Amino acid sequence: MCQCECVSHISRRKTSSSSSSSGKARSQAGKFVNQVGRAETPKEQRSSSDASRRSHRPPQEAATPHAPSPGSRTHHTPIPNMGSGHYFWAILYFASLCSASLANNAKINFREKEKKVLDQILGAGKYDARIRPSGINGTDNKATNVSVNMFLRSISKIDDYKMEYSVQLTFREQWTDERLKFDDIQGRLKYLTLTEANRVWMPDLFFSNEKEGHFHNIIMPNVYIRIFPNGSVLYSIRISLTLACPMNLKLYPLDRQICSLRMASYGWTTNDLVFLWKEGDPVQVVKNLHLPRFTLEKFLTDYCNSKTNTGEYSCLKVDLLFKREFSYYLIQIYIPCCMLVIVSWVSFWLDQGAVPARVSLGVTTLLTMATQTSGINASLPPVSYTKAIDVWTGVCLTFVFGALLEFALVNYASRSDMHKENMKKKRRDLEQASLDAASDLLDTDSNATFAMKPLVRHPGDPLALEKRLQCEVHMQAPKRPNCCKTWLSKFPTRQCSRSKRIDVISRITFPLVFALFNLVYWSTYLFREEEDETF
């Protein structure tokens with residue numbers, strides 16, 4: 001029966017231990033041990049006391065059970081002796097109390113705690129999201145400082161024609177709101193997470209050079225708000241933006257462009273709201289950022305506060321320095337233009353009489369070069385200044401057009417030479433006819449014995465001219481050999497006609513002038529590119 005009472009007593013203690021602390025459990029365990037200790041009386045003492053009570057009991061009490069009177073006190077019967085078993089039950093009781101206390105602490109529902117904390121700090125009538133937080137250290141006359149940082153995920157395109165670029169980034173803001181402080185349950189509740197930005201006060205930041213933008217809502221809205229125990233609020237969102245990027249294309253395609261990302265407050269002046277770059281690393285860029293025709297060399301962060309009629313507004317900016325990849329333009333523009341210019345020189349080596357071949361070659365290269373130039377300009381905005389690519393295509397087009405004009409000059413010189421040759425031939429024929437007529441008159445004269453040669457030659461006499469030339473050749477001193485005349489004499493010409501000389505001179509002049517142009521062009525623009533890089 002003693003064992004039953006102990007078990008019932010232990011069970012009652014177990015049910016009440018879930019709401020009691022471990023210290024109370026230890027005190028109750030001590031009481032139970034003392035109660036059990038009081039039951040430890042010697043067998044002789046218990047037997048003698050039982051005998052004395054039986055001897056003094058009246059006969060009625062011995063015959064019938066004891067029935068207490070309504071006014072009398074009830075005396076509990078002492079717990080019988082358990083021997084050494086009571087130690088086992090005491091230890092079991094103490095262990096059950098400790099395990100119940102630990103289980104009670106382990107079963108704390110932190111999600112329920114988060115709900116209670118959110119209801120406590122953001123409940124109806126407790127927080128007004130329309131009121132901005134206090135300034136530094138909770139002062140009301142100081143501006144709210146908002147720390148900004150971002151992570152550039154990708155840059156999809158840089159459009160030269162529209163002068164814009166598209167970027168996808170994770171944008172973060174952090175500030176302190178004293179009204180959102182809460183108990184962190186001894187460091188177990190690190191922060192609270194929200195997905196609704198309208199629950200707390202938000203800075204009125206906007207991107208001043210934005211053209212288009214959108215949020216990402218797949219699968220869920222890519223935004224979260226973290227509230228820390230000290231009242232610090234972290235806002236993070238993933239957005240895609242198309243931003244304006246004014247470009248200077250004077251050195252295109254050997255240029256570098258600076259595209260900015262500007263952020264400013266729309267309604268709060270610097271007296272109420274100040275944006276600051278996060279200390280350390282305010283801008284992070286994804287590794288292995290690939291752009292189609294550009295390379296991101298570096299980026300710089302700065303402040304750009306603006307003053308208007310309504311006040312001064314806080315502004316931040318990050319400048320992205322892009323370098324254009326020249327290999328694409330070298331393969332697509334410069335090398336094809338050089339090839340077209342060189343092909344136009346082939347007409348210099350064709351016979352001057354091959355008119356269809358030379359005309360078709362010149363016209364084809366000219367039209368191809370014009371098409372190439374128009375295709376290049378179609379991908380660029382119509383600007384008022386001259387670009388580096390305009391200089392290149394203009395000079396190449398000039399060389400191709402010059403080759404076509406050279407054939408026109410050669411054709412004119414050839415026809416002029418032919419006309420002169422015909423005139424000389426007619427003159428010789430007339431002179432020969434006059435001599436034949438004179439000889440016939442002398443032969444028909446019967447009185448004449450022999451035809452005597454005149455002693456004096458007239459100036460127009462061809463025989464006198466021939467003799468004079470022979471004398472002059474013998475009397476002139478020997479001249480130094482001319483390299484150009486020696487090289488020109490190797491070409492088969494009819495008395496070195498002017499048309500052939502023009503072709504020979506063009507074969508040398510055009511390549512030399514084009515090589516000189518390349519030397520000046522590349523040295524000028526590459527040097528200017530290095531100057532821009534240093535600045």
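These numbers come from a predicted model, not from an experiment.
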Original post:
Quick check: are the SG atoms of Cys338 and Cys396 less than 2.5 Å apart?
Top reply: no

Original post:
Do Thr371 and Thr368 touch side chain to side chain, with heavy atoms closer than 4.5 Å?
Top reply: no

Original post:
Is there a side-chain contact between Ile333 and Ile389 (heavy atoms, below 4.5 Å)?
Top reply: yes

Subject >> Under-4.0 Å salt bridge between Glu406 and Arg358 >> reply: yes

**OP:** Verify the neighbour count for atom CZ of Phe206: are there more than 12 heavy atoms of other residues, nucleotides or ligands below 6.0 Å?
**Re:** yes

Original post:
Where do Tyr191 and Glu114 come nearest, in terms of heavy atoms and distance?
Top reply: O-OE2, 4.4 Å

Original post:
Which pair of heavy atoms, one from Leu243 and one from Ser260, lies closest together, and at what distance?
Top reply: CD1-O, 4.4 Å

Subject >> Closest contact, heavy atoms only, Leu189 versus Pro229 >> reply: O-CG, 3.7 Å

**OP:** Test Lys317 against Asp319 for salt bridge (Lys or Arg N to Asp or Glu O under 4.0 Å), laying out the working first.
**Re:** CA-CA 7 Å; Lys317 74 171 182 177; Asp319 293 331; 3.8 Å; yes

**OP:** Please test Ile502 against Phe407 for side chain to side chain contact (heavy atoms under 4.5 Å, CB included), starting from the C-alpha separation and ending with a verdict.
**Re:** CA-CA 9 Å; Ile502 293 173; Phe407 171 68; over 6 Å; no

Original post:
Which atom names give the shortest non-hydrogen contact between Asp160 and Arg324, and what distance separates them?
Top reply: OD2-NH1, 2.9 Å

Original post:
In Å and rounded to the nearest 0.5 Å, what is the OG to CD distance from Ser154 to Gln168?
Top reply: 4.5 Å

**OP:** State, to 0.1 Å, how close Phe215 and Ile239 come at their nearest heavy-atom pair, and which atoms those are.
**Re:** CD2-CG2, 3.4 Å

Subject >> Leu180 and Val200: CA distance, side-chain angles, deciding distance, side chain to side chain contact (heavy atoms under 4.5 Å, CB included) verdict >> reply: CA-CA 9 Å; Leu180 299 177; Val200 298; 4.1 Å; yes

Subject >> OG1 on Thr269 to CD on Glu312, rounded to 0.5 Å >> reply: 8.5 Å

Original post:
Got Ser147 and Phe275 here, is their nearest side-chain heavy-atom distance under 4.5 Å?
Top reply: no

Original post:
Is Arg507 positioned over the aromatic face of Trp349, cation under 6.0 angstrom from the ring centre and no more than 45 degrees off axis?
Top reply: yes

Original post:
Does a sphere of radius 6.0 Å around OH in Tyr385 hold more than 12 heavy atoms from other residues, nucleotides or ligands, not counting ones at 6.0 Å or beyond?
Top reply: yes

Subject >> Pairwise distance CZ(Arg172) to CD1(Ile237) - rounded to 0.5 angstrom >> reply: 12.5 Å

**OP:** Flag the pair Lys387 and Asp390 as a salt bridge only when some basic side-chain nitrogen lies within less than 4.0 angstrom of an acidic carboxylate oxygen.
**Re:** yes

Original post:
Between Trp345 and Phe514, how do the two ring planes meet: parallel, tilted or perpendicular, split at 30° and 60°?
Top reply: perpendicular

**OP:** Return the orientation label for the Phe326 and Tyr334 ring planes: parallel under 30°, perpendicular over 60°, tilted otherwise.
**Re:** tilted

Original post:
When you check the gap from the basic side-chain N to the acidic O, do Asp272 and Arg132 get nearer than 4.0 Å?
Top reply: yes

**OP:** Might you work through the ring-ring contact (aromatic ring centres under 6.0 Å, His included) test for Tyr252 and Trp392, ending with a clear yes or no?
**Re:** CA-CA 11 Å; Tyr252 177 90; Trp392 175 263; over 10 Å; no

Original post:
Within a reach of under 6.0 Å around NZ of Lys162, are more than 12 heavy atoms found that belong to other residues, nucleotides or ligands?
Top reply: no

Original post:
Which pair of non-hydrogen atoms, one from Leu205 and one from Met263, has the smallest distance, and what is that distance?
Top reply: CD1-CB, 3.9 Å

Subject >> Polar side-chain atom of Thr170 near backbone of Arg238 as donor-acceptor pair, under 3.5 Å >> reply: no

Original post:
To the nearest 0.5 Å, how far apart are CG in Asp255 and CZ in Phe294?
Top reply: 6.5 Å

**OP:** Could I get the full list of side-chain hydrogen bond (donor to acceptor under 3.5 Å, both in side chains) partners for Ser232, not counting sequence neighbours?
**Re:** Gln174

Original post:
Got more than 12 heavy atoms from elsewhere within 6.0 Å of OH, Tyr303?
Top reply: yes

Subject >> Glu210: partners by side-chain hydrogen bond (donor to acceptor under 3.5 Å, both in side chains), with sequence neighbours left out >> reply: none

Subject >> Atom CZ of Phe151: over 12 foreign heavy atoms under 6.0 Å >> reply: yes

Original post:
Does Arg293 come within less than 4.0 Å of Glu325, counting only side-chain N to carboxylate O?
Top reply: no

Subject >> Centroid separation Phe348 to Phe510 less than 6.0 Å >> reply: yes

Subject >> Tyr521 atom OH: more than 12 heavy-atom contacts under 6.0 Å >> reply: yes

Original post:
Just by distance, do the side chain of Thr364 and the backbone of Ser360 share a donor-acceptor pair under 3.5 Å?
Top reply: yes

Original post:
Is there a side chain to side chain contact (heavy atoms under 4.5 Å, CB included) between Trp268 and Tyr313 once you walk through the steps?
Top reply: CA-CA 7 Å; Trp268 297 99; Tyr313 298 91; over 6 Å; no

Original post:
Quick one: does Asp281's side chain have a donor or acceptor within less than 3.5 Å of a partner on Glu279's backbone?
Top reply: no

